[in-house]
Amino acid sequence: MPQKIFNTATRRKEIFKPVKEGTVSIYVCGITAYDVCHIGHARGAIFFDVAVRHLRSRGYQVIYVKNFTDIDDKIIDRAKKEKVSISGISKRYIDLHNEDMAALGVENPTLAPRATEHIDDMIALISILIQKGNAYCVEGDVYFSVDKFPLYGGLSGRNLEEMVAGARIDINDKKKNPLDFALWKKSKEGEPFWESPWGKGRPGWHIECSAMSRRYLGETFDIHGGGEDLVFPHHENEIAQSQAATGKPLANYWMHNGFVRINSEKMSKSLGNIFSVREILNKYHPEVVRLFMLQSHYRSPVDFSENSLAEARSALARCYATLQLQTEALDRPVPSNNLSKKKTSAKEENYTSILEELKEKFDAALDDDFNTAQALGYVFEAVRHMNNFLVAEQKATTLHKSIMLQTSKKVFAHFGAVLGILQDDPDHYFRCDKEKESRKRGLNIEEIENLIKERQAARAAKDWARADAIRDELTKLRIIVKDSNNTTSWIIE
RNA sequence: GGCGGCAUAGCCAAGUGGCUAAGGCAGCGGUCUGCAAAACCGUUAUUCUCCGGUUCAAAUCCGGAUGCCGCCUCCA
């Protein structure tokens with residue numbers, strides 16, 4: 001099945017055809033380094049991470065570029081406020097960003113260029129635009145002339161007249177058209193600057209992406225991505241700059257991820273409902289966040305709440321419980337003399353083929369515009385299927401059982417590798433989960449373990465009253481006790 | 001004012017013309033268990049906001065209504 005991608009530019013799902021057979025070049029707009037990453041950044045990062053992982057698993061060689069904006073008004077403001085250098089601010093938040101992404105299991109992009117390292121590329125591009133008459137210089141500022149670019153508005157589906165008629169456009173006397181945007185800004189007193197043919201100044205926001213994508217991916221590359229808010233004006237302006245300069249399309253496919261909402265409200269500073277990645281990772285295993293994000297389609301808004309994360313946590317625990325059973329089954333030695341004696345039945349073979357079929361469906365779901373929600377549906381079907389198998393075949397020691405376990409191991413490894421979940425050791429996962437949950441609820445793991453031990457002793461002595469009393473006590477703390485033949489494990493509800 | 005999106009079970013959420021409307025969470029009945037829990041088995045939408053239309057056939061296409069949301073200003 002060919003890869004399909006919903007292209008913002010055409011508002012349609014299209015069959016993906018790379019510029020160069022077998023490779024994918026992708027550019028995603030990264031962060032402006034002036035604050036810590038929030039859950040919205042996490043969504044975009046996780047989604048594009050999965051998209052790239054999937055393309056790679058399908059055999060494409062992917063070049064993934066995600067930039068850092070390290071010069072910008074907000075960074076300058078913050079530097080002023082804290083009385084530190086601009087590079088001090090940007091370095092701090094780039095480092096924190098990298099930590100957060102690593103914690104979320106987001107793989108590093110192939111390249112992570114910074115705007116300030118590409119000022120020359122930007123100046124070169126702006127010069128071309130001036131030369132071609134698409135840009136003009138006024139008192140040290142350089143503006144892009146939207147009237148000279150007939151395709152302007154094509155990506156976001158707007159036209160110039162309507163936008164000019166809109167009341168919210170700021171009127172600037174220097175601009176020929178109110179929609180013209182800055183390519184280069186004359187530096188103000190005390191601001192950082194670079195020398196340019198138009199005097200001392202710094203780049204406008206949009207030009208960096210045009211310059212860096214051109215440098216690393218060429219004039220036309222495959223996929224350009226970002227959050228949906230970037231469609232206008234940022235990506236519209238990038239297209240205008242790049243295509244006016246090169247005469248070629250900037251990117252063939254435009255992908256935009258939807259926003260994260262908080263309890264059905266827009267996440268914003270004024271509402272004070274911004275959740276940082278680090279504060280969430282303090283409470284939840286990173287894969288819970290990934291699972292939560294991937295359960296919705298990337299283009300839909302996703303509603304983030306304590307409750308929805310808790311649901312994702314239960315769902316992930318279900319997967320790890322199965323992996324744990326699987327690991328135990330794999331560790332159990334199978335007497336080799338029994339293997340040869342028993343023949344594999346059709347029913348047994350069926351177990352393996354269903355798992356392999358689910359893997360195919362999983363990949364096909366991701367081929368279809370990266371439908372991670374549907375792909376996860378197949379993961380959970382595989383979980384149930386595996387549980388069935390593990391219960392039904394518990395006592396079996398046939399050759400098939402070990403084949404099935406190996407297949408399952410392979411299939412779940414594939415699911416996990418593509419979605420970036422199920423990467424933890426199950427025991428470690430549950431331990432980590434316990435630590436986070438107990439910290440959150442002010443529980444003491446040691447005390448709980450002691451109670452569990454006490455209860456086990458009571459059970460061994462068949463002192464059911466005592467055992468039940470302890471269990472009731474633990475239940476009040478929302479701790480679930482799981483007894484098996486000779487051990488007792490526990491989880492936090 | 002302009003442009004765009006969404007509405008599917010108690011909750012979350014796939015599905016965009018035709019097999020029984022994925023999956024998760026929660027609930028209920030059963031197996032298991034000292035009793036539970038976990039796991040497993042079974043079960044929970046004759047129906048996809050409403051009203052019209054197209055079609056042999058629509059949650060899925062078209063028109064209209066209602067409700068919610070996003071972008072147009074820095075924003076992932």
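What you see is a predicted model, and the numbers here were worked out from it, not measured in a lab. So you know, we letter chains A, B, ... as the sequences are listed, proteins then strands, and number each from 1.
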Using Watson-Crick or G-U wobble geometry with both distances under 3.5 Å, which nucleotide pairs with [N]?
N	value
B:rC40	B:rG30
B:rG67	B:rC6
B:rG18	B:rC56
B:rG23	B:rC12
B:rA45	none

Can you find a donor-acceptor N/O pair under 3.5 angstrom joining the side chain of [X] to the base of [N]?
X	N	result
A:Arg43	B:rA76	no
A:Glu311	B:rG24	yes
A:Arg384	B:rC40	no

Next on the checklist: With rounding to the closest Å, how many angstrom separate the C1' atoms on B:rA39 and B:rU49?
Outcome noted: 39 Å
Item to check | C1' atoms of B:rG67 and B:rC56, separation to the nearest Å | outcome: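 The answer is 34 Å between these two C1' atoms.
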Grab the [atom1]-[atom2] distance between [X] and [N] for me, whole Å please.
X	N	atom1	atom2	result
A:Arg158	B:rC3	CZ	P	11 Å
A:Phe259	B:rG70	CZ	P	10 Å
A:Lys266	B:rU73	NZ	P	12 Å

Item to check | Ring center gap for A:Phe68 and A:Tyr93 short of 6.0 angstrom | outcome: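 No - the distance between ring centres of A:Phe68 and A:Tyr93 does not fall below the 6.0 Å cut-off.
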Next on the checklist: So that I know where these two stand, are A:His414 and A:Phe362 an aromatic pair - ring centroids less than 6.0 Å apart?
Outcome noted: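 Yes, close enough.
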Next on the checklist: Using modelled atom types and a 3.5 Å cut-off, is there a donor and acceptor pairing between side-chain atoms of A:Glu236 and backbone atoms of A:Tyr152?
Outcome noted: no
Item to check | Upstream residue (5' side of RNA chain B) when A:Pro301 and A:Ile480 are each assigned their closest nucleotide | outcome: A:Pro301
Item to check | Side-chain ion pair, A:Arg78 and A:Asp35, N-O less than 4.0 Å | outcome: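 Here A:Arg78 pairs with A:Asp35 in a salt bridge, since their nearest N and O are under 4.0 Å apart.
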Item to check | Face-to-face contact A:Phe380 to B:rG23 six-ring, under 5.5 Å, under 30° | outcome: no
